[in-house]
Amino acid sequence: MSVSDYNPEEIEKKWQKYWEEKKTFASYPYRRKKYYLLEMFPYTSGSIHIGHVRNYTIGDVVARYKLMHGFNVLHPIGFDAFGLPAENAAIDKGIHPRDWTYRNIDNLRYQLKRLGLSYDWSREVITCNKEYYRWNQWFFLKFYEKGLVYQKKAPANWCPTCRTVLANEQVIDGRCYRCETPVVQKDLKQWFFKITNYAEQLLEEIENLKDWPLTVKKMQINWIGRSEGMEINFELFPNGFKIPVYTTRPDTIFGATYLVLSPYHPLVEKAIKDEPSIKSEVEQMRKEQLIKGEVEKRGVQSSLWAINPVNKEKIPIWIANYVLMEYGTGAIMGVPAHDERDFEFAKKYNLPIKVVVSPPENNFSRGNLKQAYVGEGKMVNSDRFNGMLSKQAREKMSEWMQSMGIATPRVHYKLRDWCISRQRYWGTPIPIIYCDRCGTVPVPEKDLPVELPAEIEITGKGGSPLKNVESFVNCTCPYCGGKALRETDTMDTFVDSSWYFLRYASLKREKIPFDTQEVNYWMPVDQYIGGIEHAILHLLYSRFFTRALRDIGLVKISEPFKRLLTQGMVIKDGAKMSKSKGNVVDPQKIIDKYGVDTLRGFILFAAPPDADLEWKEEGLQGVHRFLTRIWKLVVENKAGEWEDKFEKIYLNGKNREECELQRIVNRTIKKVSEDIENRFHFNTALASLMEFVNYLYRYSDKKSKIFKEALQILILLLYPFTPHIAQELASKMGLKEDLSHHSWPEYKKQLLESERATVVIQVNGKLRDKITVAPNESKENIEKEVLNREKIKKYTRGKVIKKIIYVPTKLMNIVVD
RNA sequence: GCCGGAGUGGCGGAACUGGUAGACGCGCUGGACUCAAAAUCCAGUGAGGUUUGCCCCUCGUGAGGGUUCGAAUCCCUCCUCCGGCACCA
């Protein structure tokens, strides 16, 4: 490479080996103040990509920084090893999912180690090991006992050609990703976790997550989707059968001109019986509803009629594709004047539109609306409520309807129960047995784990692959001893990732999922770092799981992740890196060329962690140059032994240059510490280190003791970012200690400011001059001085000085007429 | 449509609570070293104007208004891009 003998590969491998042999990053409970740092574990696909490197590098900086502050840091890693791609590999390449997965894990582990990350490898978790997934089964049984698990029919994506169930991500534009056959929906009996039991808690307690990004919190709030309204009973005419509808606008009930049932509403069967000609129409609508996205509204009028309970009006009952069975009661009152969707529908089918809320402007002609009016206003056409404000009417009418026994207040959520059944092989078997005599029975705890059979043929055809493994399917009922069949679905892999952080936090774990005492010591995770794509599902499921385990008595806490950082994407040529775009950068190649420290340094320097990062090869060279400059600076100027009395640097400044160096050292320590601690702005921290290095290059007396001390500080500050070169240079300077055990330098407040401050002088807010003053100089003295300056006189001559604003040590603004 | 986030030099990005806009890096230009190149080191680098030259002036943070002594930062209106949700009654 050149003059410098900085050889990244050699020193990086050397220190990686050292850390591994010394178990530098092994952690044990109950000592000192704990700090649990976690990055989202990788899915076991092929190899590490730049996104992983970014994620794990950010974490590593924080881990090493916290270690230097004396924290007992828990920093584990593992592998999210169950999932669909393993089965795809089996189909495409004929490799057993298990072999594919373990081969990938070996590769990933090797690559992660080459990144020099400060992991406690002894805590590694691999979710496809039976030692791990048996506890998924155990939790399933516990949840079952608690009534948090139930089974119901639910539609699954079905490809008629492949004769298999597809995951949502395998359905592309309504077609099978493999053969492009249109996907149909098929009702299957599936297992659900009752996450909706926790909907209110999960929503309310979002506000306790003070250190989570606002966007993630907003996304979860929207996802849970709480709404308050009334359930109002309409009556079927003439027999009085009750049809409850849910609305958030009970104030508009006098404007209901029809009633709509979801095509899946139970009453629809009766409607079809009465009027068989609508059957095909209804079936068409049912199909339409299963397709994602908005379709044109359509419906059909049934032969049924309903009575509006407040005015006894007889209104028609329609069946329409825009009403969902899963939300509310599956039936709505149609108020076209005040609901956009009802309006669109009523226009299409010429249904009457009755205004009951008059907007404040109040000049709209009845029956001639261009669009629905959804805002607040004055009640009209609403009997005794006329003239009342709609907001008030909402309360009064609710009370009134309640007192008549026709309505009850209701809260609804968009959040649905979590369907955990997957018709897949490579996942955790659901521990359930179907017995003809005893029915659906859970596998007894003592029989866990229900092991995934090794012998399997995966074809991508048919239903659950486990159905064809007779030795798996056929079993005996644990209660009556008779012949029985096993459940052949496996669990959603989000179950695996909903508690892995608890498993990490426990060293004793053969006979238990985790040690409660240890987990109570380590939890919650103090800092969690990962991609924004997990903002909803993974993070919400983990919050649910933690609460469920709390209620079973296994953990104390409710929130698993105290502080969350969602890192931005890595962009190249204006697009997210992806194989299909062909813009993928292989981290291994970068490491081979520049070393890990350069790669880490660049990723940290190019953008703050929560912003997207633009990949630029040239930027790497800049960071490499920076590291080489440090290398040269230290190697050429180190002298004597590493001196561990850093306080000297605060006291020993004798001449002007030394005093300036002191000041810069102190400012740099402050800047780097605060950038890491408060904001994770590693880019600006590194920028200040670059400025520091540039200054040290210009420093004249490089043989002085104070200069050597400055170099030591530089190395300490550098360590979290580029640990290998920092550790090597420290050792070259004679330090025997591991830098992660060395204390972080502290700055002295009184040495941050210089004896002279530069004050900017403005006239009417425009920069005109600068002046250096003593920091404690009085406003009056500075004023006197400033107003006498020729430059300033030029602007004040002949003008009236109205005001002078002085911001001490920073700025003086002279305001003239 | 609704909810977030972002728009700053040729580029990535700084400016933390309103107080010198453009730190740091890349790129580019010039110089030193060299037979030459690479590497390295030093200097310059928002746009425009003015000047022999240091100087100095004007404009400038997506657009337009406003608040303020002072706005990239706060308020209003709008545009563009990115992400999430999307018939949830």
Side-chain angles (χ1 to χ4, degrees), chain A residues 1-4 213-219 221-223 225-227 229 245-249 252 260 289 292-297 320-324 326-335 338-342 344-345 412-416 532-533 535-536 568-569 571 574 576 601-602 605-608 610-623 625-626 628-629 632 671 674-675 678-679 681 683-691 693-694 697-698 758-770 791 794 802-807 810-816:
Chain A
M1 185 135 265
S2 66
V3 233
S4 149
L214 197 70
T215 58
V216 175
K217 291 195 275 189
K218 274 270 156 66
M219 280 160 83
I221 290 168
N222 292 341
W223 189 260
R226 183 182 198 275
S227 96
V245 303
Y246 175 70
T247 179
T248 53
R249 291 295 302 271
T252 64
V260 193
Q289 276 204 339
K292 287 213 174 84
E294 203 162 329
V295 288
E296 202 196 320
K297 287 184 184 42
N321 65 351
Y322 76 99
V323 175
L324 306 171
E326 310 90 82
Y327 188 80
T329 60
I332 61 156
M333 59 182 199
V335 187
H338 306 292
D339 182 281
E340 280 162 13
R341 296 148 301 183
D342 295 342
E344 195 189 326
F345 188 74
H412 273 291
Y413 301 91
K414 287 193 214 174
L415 183 70
R416 304 287 147 83
I532 186 82
E533 66 272 21
I536 299 170
M569 290 185 299
I571 305 284
K576 187 181 174 178
F602 170 70
F605 180 64
D610 51 347
D612 286 348
L613 186 152
E614 179 80 26
W615 184 266
K616 278 274 186 313
E617 185 86 22
E618 297 81 13
L620 279 160
Q621 282 167 22
V623 172
R625 202 170 292 155
F626 166 64
T628 309
R629 271 162 70 78
K632 273 173 62 184
K671 176 77 177 150
E674 288 177 356
D675 280 349
N678 304 339
R679 314 190 298 165
H681 278 201
N683 55 332
T684 50
L686 278 167
S688 72
L689 285 175
M690 287 175 182
E691 284 182 82
V693 170
N694 291 343
Y697 260 80
R698 290 195 300 270
T758 303
V759 172
V760 166
I761 302 162
Q762 299 179 333
V763 180
N764 284 351
K766 285 203 158 72
L767 177 67
R768 296 302 178 191
D769 201 0
K770 287 173 193 178
K791 272 187 187 169
K794 218 166 99 189
K802 289 208 304 204
K803 206 199 278 192
I804 294 177
I805 287 142
Y806 179 57
V807 183
K810 287 214 163 130
L811 170 143
M812 176 167 278
N813 189 10
I814 300 154
V815 186
V816 297

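Note that the structure is a prediction, hence the values are computed from the model and not measured. The sequence lines fix the lettering, A, B, ..., with proteins before strands; numbering per chain opens at 1.
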> At under 4.0 Å between heavy atoms, what does Lys671(A) touch on the DNA or RNA strands: base, sugar-phosphate, or nothing?
Replying inline: base
> How is Asn683(A) classified with respect to the nucleic acid when contacts are heavy atoms under 4.0 Å: base, sugar-phosphate, or nothing?
Replying inline: sugar-phosphate
> With nearest nucleotides of RNA chain B determined for Leu767(A) and Lys414(A) from heavy-atom distances, which residue corresponds to the more 5′ nucleotide?
Replying inline: Leu767(A)
> Is it true that the NZ or CZ of Lys297(A) lies under 6.0 Å from the centre of Tyr322(A)'s six-membered ring and within 45 degrees of the ring axis?
Replying inline: yes
> Which listed nucleotide (G84(B), C26(B), G12(B)) is nearest to the side chain of Met219(A)?
Replying inline: G84(B)
> Can you tell which of A89(B), C16(B), C59(B) lies closest to the side chain of Ser227(A)?
Replying inline: A89(B)
> Expressed in whole Å, how much space separates the P atoms belonging to A15(B) and C74(B)?
Replying inline: 14 Å
>> Does C57(B) have OP1 or OP2 under 4.0 Å away from a side-chain N or O of Arg768(A)?
In response: yes
> Using the purine O4'-C1'-N9-C4 or pyrimidine O4'-C1'-N1-C2 torsion, is G9(B) syn (within 90° of 0) or anti?
Replying inline: syn
> Quick one: the side chain of Lys632(A) and the base of U40(B), do they pair up donor-acceptor inside 3.5 Å?
Replying inline: no
>> Suppose we call a contact any N or O donor and acceptor under 3.5 Å apart; does that hold for the side chain of Lys616(A) and the base of C26(B)?
In response: no
> Rounded to the nearest 0.5 Å, how far apart are OH of Tyr806(A) and CD1 of Ile814(A)?
Replying inline: 12.5 Å
